[in-house]
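Take a look at the structure below.
In what follows, chains carry the letters A, B, and so on, assigned in the order in which the sequence lines appear, proteins first and then strands, with residues in each chain numbered from 1.
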Amino acid sequence: MDAITQNLTPAQADAVTHVDGPLLIIAGPGSGKTRVVTHRIAYMLNQGVRPWQIAALTFTNKAADEMRMRVNLLAPNQPVWMGTFHRFCAQQLRRYASFVGLAENYSIYDMSDSRSAMKRAIQAAGVSTSHATPEQIASAISKAKNRLITPESMQQQSGRASDTVAARVYPVYQEQLLLANAVDFDDLLYHFARLLRENPEVRGELDAKLKYIMVDEYQDTNLAQYAIVRAMSVDHPNLAVTGDPDQSIYGWRGADLNNILDFEKDYPNVKTVRLEQNYRSTPNILAVADQLIRHNRRRKAKELYTENPDGENVILRQYQDGYEEADAIADEIAAQMITGNAEPRDFAIFCRMNALTRSLEHALRNRGLPYQIVNGVEFYQRKEVKDLLAYLHLINNPSHDVALQRVINTPTRSIGATTLGRLQSFADAERIPMLEAARRADEIDTLSKRSKTMVRSFVSLYDRLRKKATASLEELVRYLVEETKYIAFLERTTVEKEDSNPIENVDEFLSAAVEFDRMNPEDGSLEAFLEQVALVSDTDKFEDSNNRVTLMTLHAAKGLEFPRVFLIAVEDDLLPHYRSKQDDQQLEEERRLLFVGITRAKQWLQLSYAKRRSMRGDIRVAIPSMFLSELPRADMNVIESHADRDFFDESVDDDYPESWDLVQEPAPEEEAEQEYSSETAVTNTSSIGGPKTPPSTVDRLPKTTSDAASVIPEVYLDEPAAKPKPKRNSAALASALTTASEMLSSDRVPLGAYREGSTVRHPEYGEGTITELTGRGPKRTAKIRFSDNESEQTFRLAFAKLELVDASNP
DNA sequence: TCATACCCCATTTTT
DNA sequence: TGGGGTATGA
């Protein structure tokens, strides 16, 4: 037809050219779904659909950004609305705030905000938390909101004990939120869905305006989202949804698989298109994925196929324990980089839980392999940043009680828990926001004279800040930091923490403000900034521009792809997780999780499990996951670990050779985990299923890891060191990713080089002498006496910013 | 009011 | 093993 449909397969073109009427696109992994969606938008525009009639809803900012970028290539500069569900609702709610009892400048509570609000509500409701933890209550309320259950109707429903408790907290929580002119994440959907339900004229208006609605990842919608989409597609049922039931992994957050399974019932005239051809993976990988997912019952049958050429078999590999797994994988990555023309960015390591990335981190760091962990400590979650943000929130919305509580004694001004509690009771009794209560401190008899003075001075500080609310963001933040003497506060309170730099974070925050001003010269309001910040997430910051190995959970991996993938700890109780094993539906979700992981891989995949795994301190025997037995062996190589190593392993696991520190190797990285590395490197590159060589004595020695590292092309090794602090945040709000390897540059002195008596230099404390060394590996700790002021400090060598001046051991 | 010590508890977490 | 919340003393 034209350029837009030219390069599409028949199935894809079928979906792209269906403009009017409901459309269901069942899109298997790697089937070019985004391509279809973006081309469809371009096609519609070509057909004369006006851009503002289209809204494309996604779940993540990342997905929305990608879509926007690609649509822009096909149809430049068209004001099609593309963004997340939550942002969409947030924007609509600004217009219709009064309909649901909010003011237009309402605040969006993030997770920790809602948590504190929840605690306060639990207290105010006077329920006991002995039968239901605050988390359980919060989750029950969240689920209720996702299912559009009002506080009133929740009370009528009889349920479990925790639900009964939650039902009592819910109305209180909700009332407090409204009083604070705030919403939590669930409310964005909940309020908007109710708004549509209860105001037919608003519903009709939006239905008419947004004639073409598209929803991505439809399998992950919950009832509230379903209701929203449904309500806007009554008069103009041109709703196009894409999704894959087999990739639904957010059931625990309220996603309802029935939304997609029943779509054809909801919209009788639906056109259904199946995208089953996979353009991503090798047939081997796809076969493994396909066999696995066939074990699920609640799904829409799908024939996955690919025309890609055959690839290597999928490897299923056993390790003795988690440390061996980590080391072997790091070695394997190093080896593949040398032999397989691979770069760090080609690799991803997936796991079920964040806790499992730790040993991998060590192993990668030791080899100088650059890596990034998606979901590290998030910029906007850091204390300093949250403090400043809380001030901004309070300036924008004086009713923001959570912000007030955070800020009223930060920096400390002797307004402690007692005073705060009294303010709170007064506010509760008068049903006023806490800032208002603070203004009326004089009326609160229980407050001491001193407290009243302190509170008054805080209020006057607030009023001064508030005057700057309409200034540029940069000016406001500068003024804020200045007026609150925040930097001085940080300097005085920061205890030596090696891995964070609060003052730097303040600078970065300022840069983010400057950047926001620059990007939004006209409409850059404080409110817009806060909304922006509230609705960006941690995983959005995954950057593929970094040439690094990526570590992440299976959940975070959805929607991504990598040439080479390791899936670790495929063990019983981990995957499937023991808390999901009782229930069939949950078990199927766990299987989908593995399916998602497998289908991320383009050309190479290894699944692994260990015989033993140490978890939270103790070592447990691990059993391979039941899912592994469901995989077809024809497309796999199964490699077992050497059984005869058990004795040896145990002897070293707990009994670290004392002589370790003394081993004089050219720069040995001294990590307990290292002991396997050389042997594993041999086995896994060449001898797939080959002879099992028992480890020789030499192999057991802490052989230099540098021989793995030294063969890695310089260019990779240099990366983390060459740019120790790449633009971490200033460039864009969405780029707040922090990688551990940025903080731990790889060119540091090997830990073994430090001796008692060595002279070192610390950026803050100056020169000093090591007086004592304890611990090993990442816990290797040095006690250092500093010469200038005779102070003695202890540091973890792996983290401290130490410089070795003189290694000699007098 | 604030700092420290201990005690408890641990999936996943698009927004 | 480690983070976060609470009890305790200065």
Specify the separation, in whole Å, of atom CZ of A:Phe350 and atom C1' of B:dT13.
-> 17 Å
Between A:Tyr486 and A:Asp387, does any side-chain donor sit less than 3.5 Å from a side-chain acceptor?
-> yes
Rounding to a whole Å, what distance do you find between A:Leu594:CG and B:dT12:P?
-> 17 Å
Nearest to the side chain of A:His555, which nucleotide is it out of B:dT11, B:dT12, C:dG2?
-> B:dT12
Quick one: A:Glu135 CD to B:dC9 C1', roughly how many Å, whole number?
-> 10 Å
Ranking C:dG5, B:dT14, B:dT11 by distance to the side chain of A:Asp220, first place goes to B:dT14
Winner on side-chain proximity to A:Met353, out of B:dT12, C:dG5, B:dT14, is B:dT12
Hey, does the side chain of A:Thr419 come within less than 4.0 Å of B:dT1's phosphate (OP1/OP2), counting only N and O?
-> yes
Which sits closer to the 5' end of DNA chain B, A:Asp186 or A:Leu593, going by the nucleotide each is nearest to?
-> A:Leu593
Here the distance between atom C1' of B:dT14 and atom CD1 of A:Ile249, to the nearest Å, is 9 Å
Have a look at A:Tyr578 and say if it touches a base, only the backbone sugar-phosphate, or nothing, with a 4.0 Å heavy-atom cut-off.
-> nothing
Does any donor atom in the side chain of A:Arg298 or A:Gln585 lie under 3.5 Å from an acceptor atom in the other side chain?
-> yes
Around atom NZ of A:Lys581, are there more than 12 heavy atoms of other residues, nucleotides or ligands at under 6.0 Å?
-> yes
Would B:dT11 be called syn or anti, given that syn covers angles within 90° of 0?
-> syn
Side chain of A:Ser451 only, please: which of B:dT12, B:dT14, B:dT1 is the nearest?
-> B:dT1
Does OP1 or OP2 of B:dT14 have a side-chain N or O of A:Thr58 closer than 4.0 Å?
-> no
Side-chain heavy atoms of A:Leu554 within contact of A:Leu594, under 4.5 Å = no
Taking atom C1' of B:dT12 as reference, at what distance in whole Å does atom NE2 of A:His577 sit?
-> 8 Å
Any side-chain N or O of A:Asn222 less than 4.0 Å from the OP1 or OP2 oxygen of B:dT14?
-> no
Atom CZ of A:Arg592 and atom CG of A:Leu292: how far apart are they, to the nearest 0.5 Å?
-> 11.5 Å
Could you check whether A:Trp252 and the base of B:dT12 form a stacked pair, meaning centres closer than 5.5 Å and planes differing by less than 30°?
-> yes
With nearest nucleotides of DNA chain B determined for A:Arg413 and A:Glu217 from heavy-atom distances, which residue corresponds to the more 5′ nucleotide?
-> A:Arg413
Base, sugar-phosphate alone, or nothing: which one does A:Ser614 contact when heavy atoms must sit under 4.0 Å apart?
-> nothing
Could you check how far CE of A:Met454 sits from C1' of B:dT1, rounded to whole Å?
-> 11 Å
Here the distance between atom C1' of C:dG2 and atom CD of A:Glu361, to the nearest Å, is 14 Å
Against the side chain of A:Lys558, the closest entry in C:dG5, B:dT11, B:dT14 is B:dT14
C:dG3 versus B:dT14 - spacing of their C1' atoms, nearest Å = 24 Å
Decide, yes or no, whether a salt bridge links A:Arg612 with A:Glu324 under the criterion of side-chain N to carboxylate O below 4.0 Å.
-> no
Rounded to whole Å, CG of A:Asp256 lies from C1' of B:dT14 at a distance of 17 Å
Is any side-chain N or O of A:Thr84 closer than 4.0 Å to OP1 or OP2 of B:dT14?
-> no
Among B:dT12, B:dC2, B:dT14, which is the nearest nucleotide to the side chain of A:Asn409?
-> B:dC2
Output the single nucleotide from B:dT11, B:dT13, C:dG5 whose closest atom is nearest the side chain of A:Arg253.
-> B:dT13
